[in-house]
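These notes are about the structure you will find just below.
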Amino acid sequence: MTVTQTVVTKEMLLGILTHRAVLWAFVEPVHGPRLWEMKSQESFANVVRRNVIVLTRGLRAQSTSSNTELITPDVFSALVDRTGGTSEVFDHVKGLSGRDLMWVMQKLPTAAESAARALAADFSARSYLTMRSEVPTQDLDWMPERSQTASHQRLDLIGLAEDGVLEIIELKVTSHPNSRDGNDFPQLRKQFAAVRARLGDASRPLRARLLYIHVDGATPTWRTFADERR
């Protein structure tokens, strides 16, 4: 997930860090015994807790005068964004108050673990063969782009189920308990179209869902955007 030129609020920074803490484990495709491990809520939660420690230490180093050569702004940005140290995360951190940063650090462990447990339960309930995070749609096959105007989308999670369904999961961290799902559907609609275009197979069933993680600690909420299972 790349941070663009925009004003980042404490809620947005919490979402960025929650995504990284949870999705880190799937940057490389996860399958076999490793995927089975992620189907255990406690195992996945432990992985995410360790990631939260790393991210919290990095964030604290950027927000105090104790910054060291080991956790420079570039290093912190590389931790948060898989594209590396070119990210602008540090610039946004500088724009937040100490109180806001403390709020983020306090909320991050609960939000990240809540997401991990919800995903683990879902992994356990469904027959996934493999999962991968932060996947550019242009990486879904080896063919070059047919058009310079092709739509490129980055998927939070994409998985292949035993029944052949390709699953798209988008993670949303929200402080609004009554968020209207329709507000997020345009993003999923673009992702859905981009995936379909890259696959070039109209018969391949796709499923797209949103997982809402609530900052106030409420139970995570799943919402289905599309389900083409046959």
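What you see below is based on every heavy atom in this structure, not just the backbone, and it leaves out hydrogens, waters and symmetry mates. Counting from 1, the numbers follow the sequence of the chain as shown.
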Should [X] and [Y] be regarded as members of a common hydrophobic cluster, given that ILVMFWY residues are connected when their side-chain heavy atoms come within less than 4.5 Å of each other, either directly or indirectly?
X	Y	answer
Trp36	Met131	no
Val104	Ile53	no
Ile169	Val27	yes
Trp222	Ile213	yes

To check you understand the geometry: which heavy-atom pair defines the closest contact between [X] and [Y], and what is its length?
X	Y	value
Leu96	Lys10	CD2-N, 4.0 Å
Ala116	Phe44	O-CD2, 3.3 Å
His214	Thr219	CD2-O, 3.2 Å
Glu228	Pro205	O-CB, 3.3 Å
Leu211	Ala115	CD2-O, 4.3 Å
Ala45	Glu113	CB-CG, 4.0 Å

Do [X] and [Y] make a side-chain contact, defined as non-hydrogen atoms from C-beta onward lying under 4.5 Å apart?
X	Y	answer
Glu11	Trp103	yes
Leu35	Lys39	yes
Val52	Val48	yes
Phe225	Arg223	no
Leu14	Gln106	no

Can you tell me if [X] uses its side chain to pair, donor with acceptor, with the backbone of [Y] under 3.5 Å?
X	Y	result
Arg154	Glu134	yes
Ser133	Leu157	no
Ser43	Met38	no
Glu167	Gly159	no

Side-chain donor-acceptor pair present, Glu42, Ser40, cut-off under 3.5 Å: no

Pairwise distance [atom1]([X]) to [atom2]([Y]) - rounded to 0.5 angstrom:
X	Y	atom1	atom2	value
Leu13	Lys107	CG	NZ	14.5 Å
Thr56	Leu108	OG1	CG	5.0 Å
Leu188	Asp156	CG	CG	9.0 Å
Met105	Leu55	CE	CG	12.0 Å
Arg207	Phe192	CZ	CZ	10.5 Å
Lys172	His19	NZ	NE2	6.5 Å

So, for Tyr128 and Phe26, is the gap between ring centers shorter than 6.0 Å? no

What I want to find out is whether Glu28 reaches Arg34 closely enough, with some N-O distance under 4.0 Å, to be called a salt bridge.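 No, no charged N to carboxylate O under 4.0 Å.
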
Under the salt bridge (Lys or Arg N to Asp or Glu O under 4.0 Å) definition, can you give me all pairs with a residue in residues 118-127, not counting sequence neighbours?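 Qualifying pairs, neighbours excluded: Asp122-Arg126, Asp122-Arg209.
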
Decide if atom CZ of Arg57 counts as having more than 12 heavy atoms of other residues, nucleotides or ligands within a radius under 6.0 Å.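 No, the 6.0 Å shell around CZ holds no more than 12 heavy atoms from other groups.
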
